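Okay, structure first, notes after.
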Amino acid sequence: MPASRAIKGILSTGAICLAGLVSPWAGPSLSSTEARPLQREEKGKERKYQNAAACADCHVQPNGNQYPDGNPRSTKPLNLVLLTEYSIWKTHDKHAQAYAVLLGPRGKSMGKLLDVEDVTKSEVGCVNCHGMSNLALHADEGGLNLKDGVSCGGCHGPSLGWVKDHADPSWRKLSPAEKEARGLTDLRDPEKRAALCTSCHVGSPSEGKVVTHAMFAAGHPPLPSFEVATFSRNQPPHWREARDVPYFQKPSEEDVKNFHLEDVDFQRTKLALVGSVVALRQTMNLVRERADFKAPNPREVWPELLFGQEAAKVPDDALLRKEAPSRWPELAMAHSDCFACHHDLKYPGYRQERGFGYFLPGREPIRAVPGRPLVRVWPTALPEACAVFAGRPESVNSLQKRLTSLAAACGKKPFGSPAELRVAATELAQWCDELLGALKKTRFTPESTLNLIRILCNEYSDLGAKSSFEGALDYESARQVASLLQVAFDEWKRSGRKATSEAESILAELTDPLNLRPYNERDKRLEIVFQIVQKTSKDLTKKEMEAFKAYLRNPGSVDAIRNASGFLNAVRGMDNDVFNNGLAKDHVEALQDLGNAEEKRTLKAVANYDPVAFRKQLRRLAKELPPPAK
Amino acid sequence: MPMRWVYGRLVLGAAAAGAVWLACSRTSAAKIAPAYADLPASHAHDKWMGVASCSSSACHGGDGPTRAKRSEYTTWAAHDKHARAYRVLFEERSRRIARNLPEPDGRLVEAHEKALCLKCHSSNNGEEGGEGSRLFRADGVCCETCHGPAERWLTAHYQAGFNEKSAADKARLGLLPTKDLTFRAKQCVACHVGNSEQEVNHDLIAAGHPRLSFEYAAYLAIYPKHWNPADERQRYPDFAARAWIIGQLTSAQAALDLLQARAEGAGGEEKKRKPWPEFSEYDCFACHKDLKVNSPRQLAGYGDRQPGAFPWGTWYLTMPSTFARQPGQDPSGFESSLKTLREEMQKPSPSAVQVAPKAEKVSRILGAWLDRVESESSFKRSAIERLMAGFLRDGEARGDAMDWDQAAQLYLAVASLNSGLENLELAPPQRAEQEEALAAIQNRLRRAFPPGSNSPSCFDPLDKPRLAEQFKTLREGLAK
């Protein structure tokens, strides 16, 4: 295949397509039944994205005037925000390294295997997730610096229309809708936040965000199961939990509405629950959009159709739409369960012992044809518990029915019938919308949260199972369950309830086998970041960085932030290009090594996963919970 | 050390690794050796008489030692797994398969009642008896499955003069020419490779059935024979080598006919539609492996394949390709036709419409090639040695990039040809060295499967000594 693949061809026609069709919104907060963002092109010069540099002025480090004054309800900035957001993101958050990894050995070898000269070119599509290139076309003058990776605007929205006003105390009085009209995404709304995260972490083909089977085969790590609350904690957060924010201590009714403070003590649990339903919806959107052979923007939806094409022969959109059906099994692999196929064969393996299908707890298995992979299973692990928690157990019947249709569509032929999948996925996404509506109205209390924990333990343990394999969960589904359990348990405990030490240790035991730890080579990554920051601040000491790390453990403390000022000064003085080049050139191999170590750990956890042991752990946990009130 | 031991153990190892262990064969009138091409298909309607018609102690149920004449039934009943073919359908694994694999209408049917299973695991599709017949499913794959339904020859075959009849005349009565190596191979592949009517596809494997990976010569070597191998070697002085060649070509042809049937069955009416793409056509372990960071496959690149497309034909088409490249073979058009078929099959989404005629073409070429090979007189020692040396040179050249399937096929080829030399009683004096070198490769192939695993996840041709070096050692031993 000639190396000069489709790039030019795509450029000539595709860039226009990108410009015209890709939403200026990073995060579709739309329900599945609404039109996709493609049709919602926003006009107006104020809806423009800005570089992170525009935020750095204020969000690197607070000054003395901004410190709290003892009155939590005063409008002192630190009563509400941290003003170190940029520094945390830049130094701790892997989103800031998203672009640099493309330049590393893996990015290069992927490009070679996929016959793509330069994976950082926006037409190739990698940077849609790794550098927000799909937003760059809606950037302020000078464009977006893709090298910043996933930066502020990617999540918070186009800022030109609000950057001047949002520091004004009156801004706090605006409703989320009013803020959104100016371009600020309402990330405090769990549904919107989860939709935003999953647009990359699950995929959003119409925005050009999809990892194809060819990309995986070329070396893209498997997209892990995604539980928003745990991933947010691991990010790490550049914000405080609402319960820890001084300004939210005695909120007015208006504040409660504007800042979504309804369940202030259980915000993470709520995020995890809502996020799990959103992840299912997003997965169904992935299926639906890729199985729709009338896709308005085939280049974004099916990037694999372009790989390996000679520049001169890149078909036009109409031809791509015509080709797509003949590429079906390949297209379907992007939404399929990786580990359904990719495992060492065991005789007999738990899959054969258990049978194949979707498994809703306490119900007849939804059987699938053996050997015909299903749409990713993990997003189906938690919504059932969500429905029960939201007081809508009857809707599980409907979930069962729709999953049955989905399984049937998958079984029609290997990797399923696209037409039937499209219908089944649309119906499941609608179910998610209905449940999200119900979840919004559900209030969280310590009792209801404990009950949620009970539901999970009882449903997914081997209690009452006829055999040790009946209904056993796959690795990624178990990871979802464990993740939610840890989040809910933590908040239940923090609401003043006492847990047994045995319960704590069982939950801790789940962490390593299911790989739930914050990314495990973080200290080594920080070491690299430290070296880069030190380039422009020669006097910076390790001690000063340690002080910043200590601050992150206690971001509300004025003393801690004063102690961290040495490091924050260095971040302020840092040249952004020096930093990005440091990541992308000097340390790119070291970063790759760390990435490899993390991936190795993940894959080892998948290979060593023991479904029987997991069920036993949940049974043990169930016994440690306080009995339900009579 | 008899070579039988060497590859016997490998085949057993492969059985644990998902290769089939169960044998069965049925006649397919359309696919018989050319020598018997005029064999009438009438025996397909003959009545099955059942093993009880053969097992009288005065006939084939004697109490002689294994392989003794007149104790054929006894040998089969005591040692031959074919006799247990039906019984295994009651075992846990079969029950699990039946649980996992509902009928097209969604009903769950026990394995021992399932039409799909009975096709190979019993005789006559599981249809018992009839008037005057003593055929039972419980007898599994029985005498008549290979020798032909006995209605018209049962009484005749112990009458005076029957033995003097030609094989073709006997065949006309329905007694099939199983002494013919090619005919026999075609009988075996009907179940062990499969055909349009009976196949082990990916659905069935996923439900729990072992993968089929048939190798005729190796299976014959470990088969508990109810005949005297010495007689056989008299018919075929080059027995093991000839069996290997015939087996390879016959199996490859059967695999291609099955591929054609699968491709043609991919369209058509929904109830009978065959799955497409059919994953059992591909190297199982290309997908079925625990994922690794920077896996050897990724590092090596995927050759002609796009990343994420699967390697095809690694079991049945590996050695015919190598064989075709040997001097004097040159089956015209084989390599080029196979190449275009392979290119289509190795697209990420192969087109069934394209594949069917391409598979048919390669099968046709293979058929003509088989006819030619069959008509050749017995292989001389020098010819077998040349072939072995050629194969081993190929192993040296490609060894570093071989997957388990390819390495195992090459090993089995060399082991069979080595046995062929033994058959000619012309084994080279340094046989012990050769056996040792062969055993080392065999060990490598068996050790590739970690305990409890059915994927050869420990197979790395680059581990020292490299696989290519091991083939080199063997070749150098041969040249001495």
Side-chain angles (χ1 to χ4, degrees), chain A residues 1 105-106 109-110 112-115 212-219 221-222 304 307-308 326-333 338-339 341-349 351-356 367 369-373 411-415 595-600 602-604 606-608, chain B residues 16-18 92-93 96-97 99-102 104 106 108 201-211 266 270 273-280 284-295 297-299 301-302 305-309 347-351 449-450 452-457:
Chain A
M1 265 174 282
R106 183 75 63 91
S109 69
M110 277 186 68
K112 210 168 138 200
L113 284 170
L114 293 170
D115 208 9
T212 68
H213 189 247
M215 294 182 202
F216 285 125
E304 55 268 76
F307 288 138
S326 72
R327 297 279 289 268
W328 178 250
E330 180 194 9
L331 298 180
M333 286 175 200
C338 305
F339 303 111
C341 303
H342 293 301
H343 56 261
D344 276 358
L345 300 171
K346 305 260 159 63
Y347 250 81
R351 293 173 181 84
Q352 283 175 358
E353 285 284 353
R354 177 198 60 183
F356 301 92
R367 296 236 173 240
V369 183
R372 305 192 184 177
K412 263 289 143 63
K413 54 183 192 175
F415 288 98
N596 290 351
E598 285 165 28
E599 192 185 345
K600 201 169 167 182
T602 303
L603 296 176
K604 209 171 144 194
V606 178
N608 293 343
Chain B
E92 176 50 32
R93 173 186 278 181
R96 191 188 307 129
I97 294 171
R99 258 199 320 271
N100 284 333
L101 196 70
L108 286 179
N201 65 14
H202 188 254
D203 292 354
L204 183 51
I205 297 171
H209 195 286
R211 164 204 189 190
E270 191 172 327
R273 197 175 294 163
K274 288 182 188 285
W276 188 267
E278 172 47 56
F279 297 122
S280 65
C284 305
F285 314 119
C287 303
H288 291 303
K289 57 180 187 213
D290 285 344
L291 296 176
K292 297 267 171 3
V293 180
N294 291 331
S295 76
R297 277 177 212 260
Q298 265 168 18
L299 293 179
Y302 294 99
R305 280 182 293 129
Q306 282 185 43
K347 282 183 183 165
S349 302
S351 149
F449 299 85
S453 172
N454 264 326
S455 292
S457 50

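For clarity, every value in this text was computed on a predicted model and none was experimentally measured. Protein chains get the first letters and strands the later ones, always in sequence-line order, with residue 1 at the start of each.
Taking chain B as the reference chain and counting heavy-atom pairs below 4.5 Å, the highest number among A:Glu353, A:Glu304, A:Arg367, A:Met333 is found for A:Glu353. Between chain B and the options A:Gly595, A:Ala218, A:Pro414, heavy-atom pairs under 4.5 Å are most frequent for A:Pro414. Among A:Pro370, A:Ala214, A:Pro221, A:Gly371, the residue making the largest number of heavy-atom pairs under 4.5 Å with chain B is A:Pro370.
Side-chain atoms of A:Asp344 come within 3.5 Å of backbone atoms of B:Asp290 as a donor-acceptor pair (strictly under, hydrogens ignored).
Under a cut-off of 6.0 angstrom, the local environment of NZ in A:Lys112 is sparse, with at most 12 non-hydrogen atoms contributed by other residues, nucleotides or ligands. A:Lys600 NZ: 12 or fewer foreign heavy atoms inside a 6.0 Å radius.
Contact of B:Tyr302 with chain A is made through backbone and side chain together, with heavy-atom distances under 4.5 Å. Proximity to chain A is limited to the backbone of B:Ile205, based on heavy atoms less than 4.5 angstrom apart. Of the atoms belonging to A:Ser326, it is backbone heavy atoms, and not side-chain ones, that fall under 4.5 Å from chain B. Residue contact with chain B, scored on non-hydrogen atoms closer than 4.5 Å, is absent for A:Lys604. Neither the backbone nor the side chain of A:Pro105 comes within contact range of chain B; no heavy atoms are under 4.5 Å apart. In this structure, chain A has no heavy atom under 4.5 Å from any part of B:Lys347.
Counting heavy atoms from C-beta on, the side chains of A:Arg351 and B:Asn100 never come closer than 4.5 Å. Residues A:Val606 and B:Leu291 have side chains not in contact (no heavy-atom distance under 4.5 Å, counting atoms from C-beta outward). Inter-residue side-chain proximity for B:Ile97 and A:Gln352 is flagged as unmet; no heavy-atom pair is nearer than 4.5 Å. In this structure, A:His213 and B:Pro348 have side chains that are not in contact, with every pair of non-hydrogen atoms separated by 4.5 Å or more.
Summarising the geometry, atom CG belonging to A:Leu114 is positioned 9.0 Å from atom CD belonging to B:Gln306; distances are rounded to the nearest 0.5 Å. Note: B:Gln298 CD to A:Arg106 CZ = 6.5 Å, rounded to the nearest 0.5 Å.
Contact detail for A:Trp328 and B:Ser349: the closest heavy-atom pair is N-OG, 4.0 Å.
For the salt bridge (charged side-chain N to carboxylate O under 4.0 Å, His left out) test, residues two or more places apart in sequence or in another chain that qualify with A:Glu330 are A:Arg327.
Classification of the A:His343-B:His288 ring pair by plane angle, with boundaries at 30° and 60°, yields tilted.
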